[in-house]
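We name chains A, B, ... by the order of the sequence lines, and we start the count at 1 in each one.
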Protein chains: 2
Amino acid sequence: MVSLKDIAKQAGVSVCAVSLVLNGKYKNRVSDTTAQHIRETAASLHYEPNMLARTLKTNKSHTLGFVTDEIITTPSAVRIMLGAQEAARKLGYILISMNTNNDKSLERQEIATLKRYHADGFLYAFMYHRVVDVPSALRSMPTVVVDAEDANHDLPSIYPDEFGIGYDATNRLIKAGCRRIAYFGSESGIIAQPQRLAGYRKALHDAGMNDDPQLIVRATEHQNADERAVELLKVAAPDGVFCFNDVRASSIYAAANELGMRIGKDISIVSVDNLPNITDALRPGLTTIELPHYEMGFEAVCQLVAMIEQRDKPDIKPDQMFRSSFDTKDTFTTVHGSIIERDSVQHAPHGNE
Amino acid sequence: MVSLKDIAKQAGVSVCAVSLVLNGKYKNRVSDTTAQHIRETAASLHYEPNMLARTLKTNKSHTLGFVTDEIITTPSAVRIMLGAQEAARKLGYILISMNTNNDKSLERQEIATLKRYHADGFLYAFMYHRVVDVPSALRSMPTVVVDAEDANHDLPSIYPDEFGIGYDATNRLIKAGCRRIAYFGSESGIIAQPQRLAGYRKALHDAGMNDDPQLIVRATEHQNADERAVELLKVAAPDGVFCFNDVRASSIYAAANELGMRIGKDISIVSVDNLPNITDALRPGLTTIELPHYEMGFEAVCQLVAMIEQRDKPDIKPDQMFRSSFDTKDTFTTVHGSIIERDSVQHAPHGNE
DNA sequence: CTGAAAGCGCTTACAG
DNA sequence: CTGAAAGCGCTTACAG
């Protein structure tokens, strides 16, 4: 590997001059001609700076630790990592990811490793939105919580705007002319459940519609969801259903088929997730709200770097279409999802067909 | 951060003694009592070694670069990364992953970054099995190709045993008593297609069955697969189908339903992938062969570390059940998949019901 | 405008 | 058995 010393020798100057020039700090310190000469020599030798040596001296590694629970299980959650990677690259950082597999002792070990490698800050990320206790080893470091909320309301946390998702999804159905809109939710204690439900209620209320309790049904995936879906369609006779997620939407599809209801005609459906394997399989295409995972990872790195470098949040954007919008209040940031329009919502209001 | 110097001062010995003791190289160099004293002081100060300083001196970073194309798209391919992470952790390495998004210039940039951070070696990984040209920047470094084959047959490459998968899947159907076994394959140029087909043919041949060309149909997902599946079942009237993957299996399921054939009774189905969103949705449960992604990542790191440290391949195993078996010939390694039994294959041979 | 020197935290011959 | 010293590749006051 070629070092500053090699360049200095070849160019006939001191190591210090080379360092100054290559870091662009040579104003009034090195003549422009010498600087140019140094730059050319460096290029001709294919010089690459040694980040480790630099870190040793400056105490800045430009390395971010990405600690996650088991991000694998939801393919879309992997996008948090990809978004974080893109932002890191654009800001001159690298990401070191570690998977804790929900093992607290492994987590401690991994955070210690990351510190040994001198990570400047941490992303603490989760597979789905929840409230988390952040390990104390992270509290002393710049840290941003992703797809989760710090239980202490202390660290910046980025997570989806679940209320907004429920509100938007329901409104989409209202806009399509639906008059009896059901909510097909989750039976688990997941944080998104009550928030999406609240958004649903607010949308109904704003439209002057009452929320008939018959229209609200909760179910568990791969267990009672198929039967509950049939019951919901039979008993409450909705003309629109906001589904907690795509998996539950597929139960509603099955129920509608069973009862001879035409999706996108007799009944409109909007859900959340946009999981390829599911949306690929459903006919007609499922209109669904994609959670902004990529954007959350990207935004989290921007906020983290701002903390580390004690500067304003960098003004960069993902190369991918930036579909979502951000709301920032205090240190918390919620991220809107974006609706993917397909054909499960009827195109014209009732009576226009 | 507490350094060797702090420990030396506190313990009243030299920095060198501390380094020796903490690295376990103090035999015949430091007395046992001093060593013990040093260890206690280090522990009481919560000393953590600074990996960067160590790297600077030893030229070994214990860091592996993980360069991948767009591993996100197949959720199961993420498991390559997780397997690699586990092996790295067990061998005292960390993984730095970079996503090239199939952009060659980005790839070059990322490899350069990884070198700047002094990666000791590289994993060059792909979303699905193919033949790849390895960038020249990687050829000068210890590198292992994962879920792909080096076009030059030069670097160690780990990939699934596609022939074995085709052979095993077909044999599973033969064992179930099927007499007319179809292959529902891929129309794309994907490398796995001819190899799985060859395995299918070999299994038929070994069982003394002829391979009727009517029984071999290729289709494209989300395009003509549904119609082709119906044609296949109608025209060739198979009693067993080996499907190239789960997505194609779902087309066969749909076709069987349409034609009133009972899966697992009138017709048996085996496929490849074990994608949760698909297998969750299909009834009866789909018997399918899971590709050994986790194991490939794990194995690749083992081989890479052996290259870097110029030693025998470390004898470690994943914590997860290690379902697959490995064949090693030359520098190439193929990995068998493992069959996940569900209910799409009839339990008893024909006539036993 | 330029260079000599110290030092980041570590390891490793070398001398005693 | 133990310590003083050099050096990995860099940055940054400091002196000229």
Side-chain angles (χ1 to χ4, degrees), chain A residues 1-39 41-42 45-63 92 112-113 115-120 309, chain B residues 1-39 41-42 45-63 92 112-113 115-120 309:
Chain A
M1 235 174 117
V2 17
S3 70
L4 286 191
K5 211 202 289 184
D6 302 322
I7 302 173
K9 202 183 302 171
Q10 172 114 3
V13 297
S14 73
V15 168
C16 129
V18 179
S19 170
L20 257 16
V21 169
L22 263 27
N23 287 306
K25 299 183 185 168
Y26 65 99
K27 288 277 143 62
N28 302 326
R29 321 266 277 101
V30 179
S31 69
D32 283 354
T33 45
T34 320
Q36 186 57 24
H37 180 215
I38 289 173
R39 269 191 239 99
T41 322
L45 294 176
H46 300 109
Y47 172 71
E48 291 280 351
N50 182 325
M51 295 306 285
L52 306 184
R54 181 179 290 174
T55 299
L56 197 57
K57 187 65 189 164
T58 60
N59 227 19
K60 307 267 307 77
S61 67
H62 287 257
T63 292
T113 301
K115 284 187 173 181
R116 260 206 285 276
Y117 280 86
H118 225 280
D120 291 333
E309 302 184 353
Chain B
M1 235 173 116
V2 19
S3 70
L4 286 191
K5 210 202 288 183
D6 301 322
I7 301 174
K9 203 184 299 169
Q10 172 115 2
V13 297
S14 73
V15 168
C16 129
V18 179
S19 169
L20 256 17
V21 169
L22 263 28
N23 287 306
K25 300 184 185 168
Y26 66 98
K27 288 278 141 65
N28 302 326
R29 320 266 275 100
V30 179
S31 70
D32 283 354
T33 45
T34 322
Q36 186 56 23
H37 180 217
I38 289 174
R39 270 192 237 97
T41 326
L45 293 177
H46 300 109
Y47 172 71
E48 292 279 353
N50 182 325
M51 296 306 286
L52 306 184
R54 181 178 290 174
T55 299
L56 196 56
K57 187 64 190 168
T58 61
N59 227 18
K60 307 267 304 79
S61 67
H62 287 256
T63 293
T113 301
K115 285 188 172 181
R116 260 206 285 274
Y117 279 86
H118 225 280
D120 292 332
E309 302 183 353

Taking it one step at a time, do B:H118 and B:N59 satisfy side chain to side chain contact (heavy atoms under 4.5 Å, CB included)? CA-CA 8 Å; B:H118 225 280; B:N59 227 18; 3.2 Å; yes
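- Put simply, the side chain of A:N23 never gets that close to the backbone of A:K25: no donor and acceptor are under 3.5 Å apart.
- Between D:dC10, C:dC8, C:dG9, one nucleotide has an atom nearer to the side chain of A:R54 than all others, and that is D:dC10.
- Consecutive Watson-Crick or G-U pairs involving DNA chain D, each under 3.5 Å on both distances, make up stems of three or more pairs at C:1-3 with D:14-16, C:5-12 with D:5-12, C:14-16 with D:1-3.
- When atom types are taken as modelled, the side chain of A:D120 and the backbone of A:K60 share no donor-acceptor pair closer than 3.5 angstrom.
- Heavy atoms of B:T34 sit under 4.0 angstrom from primed sugar atoms or phosphate atoms, though from no base atom.
- The CD atom of B:Q36 sits 10.5 Å away from the OG1 atom of B:T34 when rounded to the nearest 0.5 Å.
- To the nearest 0.5 angstrom, A:K9 atom NZ is 8.0 Å from A:S3 atom OG.
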What protein N or O atoms touch nucleotides 12-16 of chain D N or O atoms at under 3.5 angstrom, if any, and at what distances?
{"unit_1": "D:dT12", "atom_1": "OP2", "unit_2": "A:K25", "atom_2": "NZ", "d": "3.1"}

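- Taking only side-chain nitrogens and oxygens, B:Y47 comes nearer than 4.0 Å to OP1 or OP2 of C:dC10.
- Residue B:L4 places its side chain closer to C:dT11 than to any other of D:dT11, C:dT11, D:dC8.
- Rounding to the nearest 0.5 angstrom, the gap separating the CD1 atom in A:I7 from the CD1 atom in A:I38 is 8.5 Å.
- Looking at the side chain of A:A53, the nearest of the listed nucleotides C:dC8, D:dT2, D:dC10 is D:dC10.
- A close approach under 4.0 Å does occur between a side-chain nitrogen or oxygen of A:K5 and OP1 or OP2 of D:dC8.
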